[in-house]
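Shown next, in structure tokens, is the structure this report addresses.
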Protein chains: 2
Amino acid sequence: MADLAQLAGVSKITVSRALGDSPLVNPETRERIQALAREHGYKLNISARNLRLRRSHTVAVIVEMKPSTDRTMFDPYPLVLLGGISQELTAAGYSVLLTTRQGATAAAVQAADGLILLGQGVHQDAVRRFDKLRLPMVVWGARSQSDAHVVVGSDNRLGGALVARHFIALGRRRPVFIGNPSHPEIFERLSGFVDALAVHGIKPLLMRRDDFTLDSGMDAVRSLHARKVGFDAIFACNDLLAMGAIRATLDLGRSVPADVSVVGYDDMPLGASFLPPLSSVRQDWQEGGMLLARKVLALIEGESANSESLAVSLIVRST
Amino acid sequence: MADLAQLAGVSKITVSRALGDSPLVNPETRERIQALAREHGYKLNISARNLRLRRSHTVAVIVEMKPSTDRTMFDPYPLVLLGGISQELTAAGYSVLLTTRQGATAAAVQAADGLILLGQGVHQDAVRRFDKLRLPMVVWGARSQSDAHVVVGSDNRLGGALVARHFIALGRRRPVFIGNPSHPEIFERLSGFVDALAVHGIKPLLMRRDDFTLDSGMDAVRSLHARKVGFDAIFACNDLLAMGAIRATLDLGRSVPADVSVVGYDDMPLGASFLPPLSSVRQDWQEGGMLLARKVLALIEGESANSESLAVSLIVRST
DNA sequence: AAACGAAATGTTATCGATATCTTGATACCG
DNA sequence: CGGTATCAAGATATCGATAACATTTCGTTT
């Protein structure tokens, strides 16, 4: 910047102002300096600026990246969530620092201005860990009574309720829920489902499955059959489980949706092409990411931010 | 750090050395200072360190995050790739700065010590753009004759050849390739496929499809049928296309694999659960990510790095 | 006992930007 | 015409760490 100042015949500070579009410099001078900067391929030293401004203009996003069968945060979705986050942060002049839970102790993370945590983990364990960094933090997941931090997520209770009402409307009386309610989000889905059914005096059966896979879904239905449990509707807490459940149901010689209604969650693209096309609850991941970003930015600016739930919608196809 | 120095009764530089585990300080002094730092929750100011060291210890990873049907870099895989990258970089004390192609002009990106580009884009367009940043860069994709930069990717030619040999072994004579060879990686798969078939005097038919979706795969087969083109084997350049092709083939009353053999690419988890279980070419994304990271790190250290291809394997299931 | 050398620590300068406080020049007012 | 706004630009200090060079301390050598 000093060199550029000499070239332009002004002082460093004027260059700094000109490049920052400050109204304190003469528009002509500003133009001239900016042209000179472009011409010489000048690039601001971000580290110096960060040091001086005491801001890194960086938000750390903590995500689990190892594929694993017992997680919701997998599949293309987190990537879309990341896309939303990235879009919004970039627009505000911030960058995304991506970390795993393990790597979150890395130096650069403590330099971040804020934190976005994707997935609370079973029993909020992840949340507690990162609370200690004392950074503005926003979490993707489900609200819990006890937390002090901001949570953004889709309205899982509503998702569960929508499915329940759908089943009721279809006259189903013996619904089953498949999934792992240890995840706060899944728990909310289950609880919305249970409550909405309770209104009609129906109590669903919980088939707890830890893996979010197709095989796990098949296994759940086979196990129901083996135990001679009757059921006429299945709410699976993700689409893979739902597809597995459908396949196993068909294998057992029962019809979907004539004998058994099935609804999944996430509305993954493949679901629409499944045979039969899968009904599912859709969440808007992109919007969720953008909302997460806006909330951290607000916190960073010292403003307050509230937890928020995004509406979900039930996509009814053929199951 | 000055405060800490005063507390310990030493100078700033001694604190700096102690925290950096420098052998220049007395082990006892080092212990004492480190204990003091922990006790007071001292955190290094990364921006200051970056400024002084002229290193940000950050690698920018450029990835496309918007879901789109015409891309290979989608589905869970880039996330696994990112996982590999992240793991390796974190171990080396580096962080991952995640950006989209649009956001890659952002300030923080130019502060990065290196660049990893996931996906070359059609006709290398993305590569050329980022070459201009003059940063150590490593690209995930396919090697081309003309590029000066380091490319890491799986051995797509080998993938194509494996499938070709598999078809030959099965006695297939009229193979079809489905995909979009404008992507360098897909082009390599096709070219490996074509070359290996040529040895046996067979020339495959190219069904160009731009979307990497199940519907697109179905459409391809229907179109073949409508044009009364005979075929007894299909190599689809990803698993979704393959599944679509299988479904359409079955719909037309032909058997898979009795009448038509089908092989996909990527070996996505769902493929194993597909009916019939899908044969596919598997690439090791995690390892690929780690390799990418190691290469940029080498370049950053001023060492040289060569382009490299990772072996792939053909997983034969029932198609 | 003087001289030397290694170990431990300190002094100073520096990385590159920006905030704050000043200064200088010009315009405008009654 | 003196005095005050207004605008443009400069001087200096500072953000927090570390590299290079300087110094002190002590033990060892001859």
Side-chain angles (χ1 to χ4, degrees), chain A residues 1-38 40-58 93-95 106-113 135 300, chain B residues 1-38 40-58 93-95 106-113 135 300:
Chain A
M1 187 173 268
D3 299 351
L4 206 57
Q6 196 150 23
L7 275 168
V10 297
S11 67
K12 287 195 305 177
I13 188 66
T14 303
V15 175
S16 172
R17 286 175 183 141
L19 295 179
D21 278 329
S22 158
L24 285 167
V25 295
N26 189 314
E28 287 172 28
T29 316
R30 185 196 308 166
E31 282 302 327
R32 192 162 50 88
I33 295 176
Q34 290 185 351
L36 225 50
R38 268 193 303 276
H40 290 77
Y42 169 79
K43 276 179 199 125
L44 203 72
N45 182 313
I46 305 301
S47 299
R49 151 185 262 205
N50 287 347
L51 173 58
R52 181 66 240 231
L53 297 180
R54 298 150 158 282
R55 280 256 179 123
S56 64
H57 290 279
T58 287
Y94 277 72
S95 308
V109 174
Q110 28 179 289
D113 296 334
L135 286 172
I300 291 172
Chain B
M1 189 174 266
D3 299 352
L4 207 57
Q6 195 151 23
L7 275 169
V10 297
S11 67
K12 286 197 304 177
I13 189 67
T14 303
V15 174
S16 172
R17 285 177 182 139
L19 296 179
D21 277 330
S22 159
L24 283 167
V25 297
N26 188 314
E28 287 172 30
T29 316
R30 186 194 307 165
E31 283 301 327
R32 191 162 52 87
I33 295 177
Q34 290 185 351
L36 226 47
R38 268 195 302 277
H40 289 77
Y42 170 78
K43 276 181 199 122
L44 203 69
N45 182 316
I46 305 300
S47 299
R49 149 186 263 206
N50 287 348
L51 173 58
R52 181 67 239 235
L53 297 180
R54 297 152 158 282
R55 280 249 181 131
S56 64
H57 290 278
T58 286
Y94 278 71
S95 309
V109 175
Q110 24 178 294
D113 296 333
L135 286 172
I300 290 173

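In this text, all values refer to a predicted model and were calculated from it rather than measured experimentally. Residue numbers start from 1 in every chain, and the chains themselves are labelled A, B, ... in the order their sequence lines are given, proteins ahead of strands.
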Indicate, with a heavy-atom threshold strictly under 4.0 Å, whether B:Leu44 touches base, sugar-phosphate, or nothing. sugar-phosphate
Interatomic distance where CG belongs to A:Leu19 and P belongs to D:dA9 [whole Å]: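 Atom CG in A:Leu19 sits about 14 Å away from atom P in D:dA9.
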Nearest 0.5 angstrom please: [X] [atom1] to [Y] [atom2], how far?
X: A:Leu44; Y: A:Asn50; atom1: CG; atom2: CG; answer: 9.5 Å
X: A:Ile46; Y: B:Thr58; atom1: CD1; atom2: OG1; answer: 11.5 Å
X: A:Arg52; Y: B:Ser47; atom1: CZ; atom2: OG; answer: 13.0 Å

Show the atom names and distances, to 0.1 Å, of all donor-acceptor pairs under 3.5 Å that link a side chain in residues 16-30 of chain B to residues at least two apart or in another chain.
unit_1: B:Asp21; atom_1: OD1; unit_2: B:Gln34; atom_2: NE2; d: 2.9
unit_1: B:Ser22; atom_1: OG; unit_2: B:Leu24; atom_2: N; d: 3.0
unit_1: B:Asn26; atom_1: OD1; unit_2: B:Glu28; atom_2: N; d: 2.8
unit_1: B:Arg30; atom_1: NH2; unit_2: B:Ser22; atom_2: O; d: 3.3

Does the side-chain contact (heavy atoms from CB on, under 4.5 Å) test come out yes or no for B:Val15 and B:Tyr42, once each step is laid out? CA-CA 11 Å; B:Val15 174; B:Tyr42 170 78; 5.6 Å; no
Between B:His40 and B:Asp3, is any pair of side-chain heavy atoms under 4.5 Å apart?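 No, side chains not in contact.
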Would you check if B:Val10 and B:Ile33 make a side-chain contact, meaning some heavy-atom pair closer than 4.5 Å? yes
So, does A:Thr14 get its side chain near the phosphate of D:dG10, meaning an N or O under 4.0 Å from OP1 or OP2? yes
Of all the heavy-atom pairs spanning [X] and [Y], show the shortest one and how long it is.
X: A:Ala5; Y: A:Lys12; answer: CB-N, 3.6 Å
X: A:Tyr94; Y: A:Arg55; answer: OH-NH1, 3.1 Å
X: A:Ala111; Y: A:Ser56; answer: O-OG, 2.7 Å
X: B:Leu135; Y: B:Val109; answer: CD1-O, 3.9 Å

Its 5'-most and 3'-most nucleotides having an atom under 4.0 Å from a non-hydrogen atom of chain B, DNA chain C is contacted over C:dA8 to C:dG16
Evaluate B:Met1 against B:Asn45 for side-chain contact (heavy atoms from CB on, under 4.5 Å), listing each step before the verdict. CA-CA 9 Å; B:Met1 189 174 266; B:Asn45 182 316; over 6 Å; no
For DNA chain D, which residues in residues 23-31 of chain B have a heavy atom at a distance below 4.0 Å?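 The stretch gives none, as no residue of it lies under 4.0 Å from the strand.
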Axis-to-axis angle between the two ends of the helix from C:dA1-D:dT30 to C:dG30-D:dC1 (five base pairs per end, rounded to 10 degrees): 50°
Could you check which residues of residues 2-10 of chain A get a heavy atom under 4.0 Å from DNA chain C? Sort them by number, please.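 Under 4.0 Å from DNA chain C: no residue of residues 2-10 of chain A.
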Please write out each protein N/O paired with an N/O of nucleotides 19-27 of chain D under 3.5 Å, distance rounded to 0.1 Å.
unit_1: D:dA19; atom_1: O4'; unit_2: B:Arg52; atom_2: NH2; d: 3.4

